[in-house]
Each structure stands twice: as C-alpha cells, then as structure tokens.
Amino acid sequence: MIIVLRAGSSDAEVEDVCRRIERMGYRAHTIRGELRTVIGAIGDDRGKDRLKSLESLECVEAVQPILQPFKLASREVRREATVVPVDGVRVGGRAIVVMAGPCSVESRAQVLEVAAKVKAAGASVLRGGAFKPRTSPYSFQGLEEEGLKYLAEAKRETGLPVVTEVMEPEKVELVANYSDILQIGARNIQNFSLLRRVAETRKPVLLKRGMATSIQEWLLSAEYVLSGGNPHVILCERGIRTFETATRNTLDLSAVALAKRSTHLPVVVDPSHAAGRPDLVLPLSLAAAAAGADGLLVEVHARPEEALSDGAQALRPRELRDLMDRLDPVLGAVGRALWRPEGARRAALL
Ligand code: PEP
Ligand code: MN
C-alpha cells in the first residue's frame with residue numbers, strides 16, 4: 001500500500017505517519033518527490049484495512065494499493081524519473097550517458113589505452129570486467145583484483161567513473177572499493193543474496209536483465225535492491241534468448257519502453273551483447289535511443305581481433321566516435337541530448 005501525503009506536509013507529519021505505519025507492523029519507506037511525499041508501507045497486505053484508516057489524518061490524501069508486484073520500483077509510488085548520480089555523471093536525466101570499454105580488463109596497458117580512447121570518443125563512463133562470468137571454465141576468467149586496480153588507475157588518468165561486474169556476495173566490498181557502479185550480470189539477476197549485498201553498499205547498481213527473465217522478474221530483482229535501502233538502481237536490457245539464432249540475443253526494445261513507463265528507474269541498453277556482432281551495434285543504439293533509453297553500454301576494444309573475450313562484438317574506438325555522431329540527431333528528434341563531460345575534447349585521431 002502507499003500513503004500519499006498532501007502537498008506541503010511537514011517533516012513532523014511525515015515522521016508521525018511513518019511511526020504509525022511501523023506500529024501496525026509495516027516497514028515505512030519514504031519517497032520524497034518534487035511535489036509530494038509518498039510513503040510505501042511494506043509488509044503483509046492483510047493489514048490493509050488498518051492502513052486505510054490513516055486517510056482520516058489531515059495530512060494524508062489517500063491510501064492506495066500498489067497494483068504492480070514490484071512496489072518501490074513502480075511509477076505508482078514515484079511519478080518523476082529517478083536520476084542516479086555516478087561521480088558527477090547523472091544517469092536518468094535528459095542527457096543519455098554512453099558507457100564504453102572492453103568486455104574484459106586484460107592488462108594495464110590495454111585498459112589505459114582503451115580508456116583514453118573511449119574518453120576521446122565522448123564516452124562518460126568506462127566499462128570493463130575484472131571478474132568474468134564465462135560459460136566455459138576454460139575461457140579467460142578475468143584478472144580479478146589486479147584488473148580492478150587497473151580500472152581504478154584508468155579512472156585516475158581519465159576521470160571516467162567505472163562500471164564493473166561483481167559475481168559473488170563475498171566480493172561486493174572489494175569491487176565496491178574500486179568502482180562507481182556495481183554491475184550485476186545477466187547470469188546473476190536472480191542471485192538474491194548478491195542483490196541484498198549490493199543493496200547494503202548504497203552504490204549505484206547496474207542490473208542487467210537475465211537472458212531468460214521476464215520483465216516482471218527483472219523488476220522484482222530491482223525491488224530487492226530498492227527494498228534493501230539502495231535507491232540507485234539502473235536497469236539494463238542486453239537482449240534475451242529467443243528462437244532466433246542469427247543474432248547472439250534478441251534486443252527487447254519493448255522491455256525498454258515498458259520499463260520506462262512502469263518504473264521510475266533509468267534504463268540503459270547494451271547493444272553489444274544483444275547483437276553479438278559489431279555492425280549491428282550502431283542501428284540498435286539508435287533504436288534504443290529513440291525508444292527512450294537513458295544510456296548505452298557498449299563494448300569497445302582498441303584491437304578487437306586480439307581481445308580475450310567478446311572481440312567479435314567489440315567496436316573500435318573510431319566506430320564508437322561515429323556512433324556518437326550518429327546519435328546526436330536521433331536524440332534531438334526525441335528531445336534528448338548526449339551527456340558530455342564538461343570540457344571534454346574529442347581527439348581528432350583515435
Ligand atoms: C558483460 O557485460 O561483459 C557481460 C558478461 O554481460 P551479460 O551479463 O549481459 O552477459
Ligand atoms: Mn562481454
């Protein structure tokens with residue numbers, strides 16, 4: 001249930017309603033919007049009649065059921081879009097954010113080179129995996145903490161905040177120490193102990209949709225992080241498994257448009273893992289931007305032919321720059337713009 005307070009309710013009134021909700025055995029979750037405050041009463045819905053009686057309080061406008069199974073993620077609870085602050089970059093505002101970098105951190109030189117190049121191309125966040133969830137145990141598994149150190153060094157050199165994957169609850173603290181956004185990979189979207197653990201960090205979390213999870217399951221995973229006390233959730237659509245085998249996955253743009261409507265959370269699109277090939281990354285990125293995505297997560301490698309993972313889908317830095325140029329008019333047409341770090345100079349030669 002949600003308790004909608006009248007515009008202009010005082011802090012004391014908000015606290016009073018929260019205390020009453022808690023006395024009824026619910027957890028009170030306050031969401032302060034620009035215009036009004038809404039309190040989510042989280043708990044067993046059997047007490048909803050008692051909650052309804054709160055409508056007799058002067059400061060309460062309405063007590064309503066939340067129709068969606070996900071509560072805190074829902075637009076019913078918060079009408080305005082959530083903007084996730086990432087070390088100076090804002091994900092979820094009018095400007096869309098391009099996050100780019102290699103699938104895996106392979107060496108210090110590799111990550112420093114590509115970080116400088118994606119920055120020059122206009123990206124605002126650096127991606128790179130140090131812990132890699134590989135289908136085969138014989139594939140490159142990542143440089144682990146050493147890789148995290150290289151990412152942190154690349155951040156110091158370029159100023160780009162870092163998004164990197166964390167796969168195990170025990171490693172959350174370590175990864176959080178070196179990064180700005182914790183990526184939950186497609187294979188871990190329903191690892192609930194991991195979700196609870198990343199919630200505790202209060203760091204931005206990029207939640208990739210699983211390759212076979214429904215939109216509802218994806219949003220319920222977001223709910224784990226939100227209800228664990230971390231409001232900084234970024235959703236990421238990266239393609240789902242369908243009967244189609246011509247592409248690595250099928251990019252579900254309906255999910256992007258729907259998630260934008262039914263939740264207040266920012267939604268980014270990973271066209272690289274959806275396509276599995278570099279030539280489709282541009283058209284999928286343009287389509288994602290037109291469908292309302294708040295950002296893109298793109299795999300870029302200085303020399304894709306030498307990559308230790310996902311080289312077959314990586315863009316070259318120059319192709320990323322072209323992509324950003326092509327995004328501009330599409331974004332203009334839908335009333336958006338590209339997030340560009342202040343003073344960023346785009347190198348003529350990549
Ligand atoms: C990745 O980002 O490199 C990755 C492993 O992605 P996903 O979890 O979407 O497969
Ligand atoms: Mn990858």
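Remember, it's a predicted structure, so these values are computed and weren't measured experimentally. Start at 1 with the first residue, then count along the sequence. Counting starts at 1 for both ligands and their atoms, following the listed order.
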* What atoms of ligand 1 come closer than 4.0 angstrom to any heavy atom of Cys103? ->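 Numbered from 1, ligand 1 contributes 3 (O).
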* To do: Report yes if Asp270 has an N/O atom closer than 3.5 Å to an N/O atom of ligand 1; otherwise report no.
  =>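 It does not: no N or O of Asp270 is found under 3.5 Å from an N or O of ligand 1.
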* Sidechain N-carboxylate O distance under 4.0 Å for Arg316, Glu305 ->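 Looking at Glu305 together with Arg316, the answer is yes, because their closest N to O distance falls below 4.0 Å.
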* To do: Of the side chain and backbone of Met211, name the one, both, or neither that has a heavy atom under 4.0 Å from an atom of ligand 1.
  =>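 None of Met211 does.
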* Asked: With a 3.5 Å cut-off and no angle check, do the side chains of Ser179 and Thr164 form a donor-acceptor pair?
  ->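 Side chains of Ser179 and Thr164: no pair found under 3.5 Å.
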* In terms of side-chain heavy atoms, does His273 have a donor or acceptor partner in Asp310 at a distance below 3.5 Å? ->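 Indeed, the side chains of His273 and Asp310 share at least one donor-acceptor pair under 3.5 Å.
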* **For Ala186, atoms of ligand 1 separated by under 4.0 Å from a heavy atom** =>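 Within the 4.0 Å cut-off of Ala186, ligand 1 contributes 7 (P), 8 (O), 9 (O).
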* Asked: At a 4.0 Å threshold, what atoms of ligand 1 neighbour a non-hydrogen atom of Gly185?
  ->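 What qualifies from ligand 1 is 8 (O).
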* Going by distance only, is there an N or O of Lys208 that falls short of 3.5 Å from an N or O of ligand 1? ->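 Lys208 vs ligand 1: N/O contact under 3.5 Å present.
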* Any N or O of Glu165 closer than 3.5 Å to N or O of ligand 1 ->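 Among all N and O atoms of Glu165, none is under 3.5 Å from an N or O of ligand 1.
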* To do: Could you please spell out the steps behind the side-chain hydrogen bond (donor to acceptor under 3.5 Å, both in side chains) verdict for Thr37 and Ser9?
  => CA-CA 8 Å; Thr37 298; Ser9 296; over 6 Å; no
* Asked: Does the pair Lys71/Glu223 count as a salt bridge with the N-to-O cut at 4.0 Å?
  ->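 Result for this pair is no, no salt bridge flagged.
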* Asked: Is it true that a side-chain atom of Arg336 and a backbone atom of Gly93 form a donor plus acceptor pair closer than 3.5 Å?
  ->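 The answer is yes, because a donor-acceptor pair under 3.5 Å joins these two groups.
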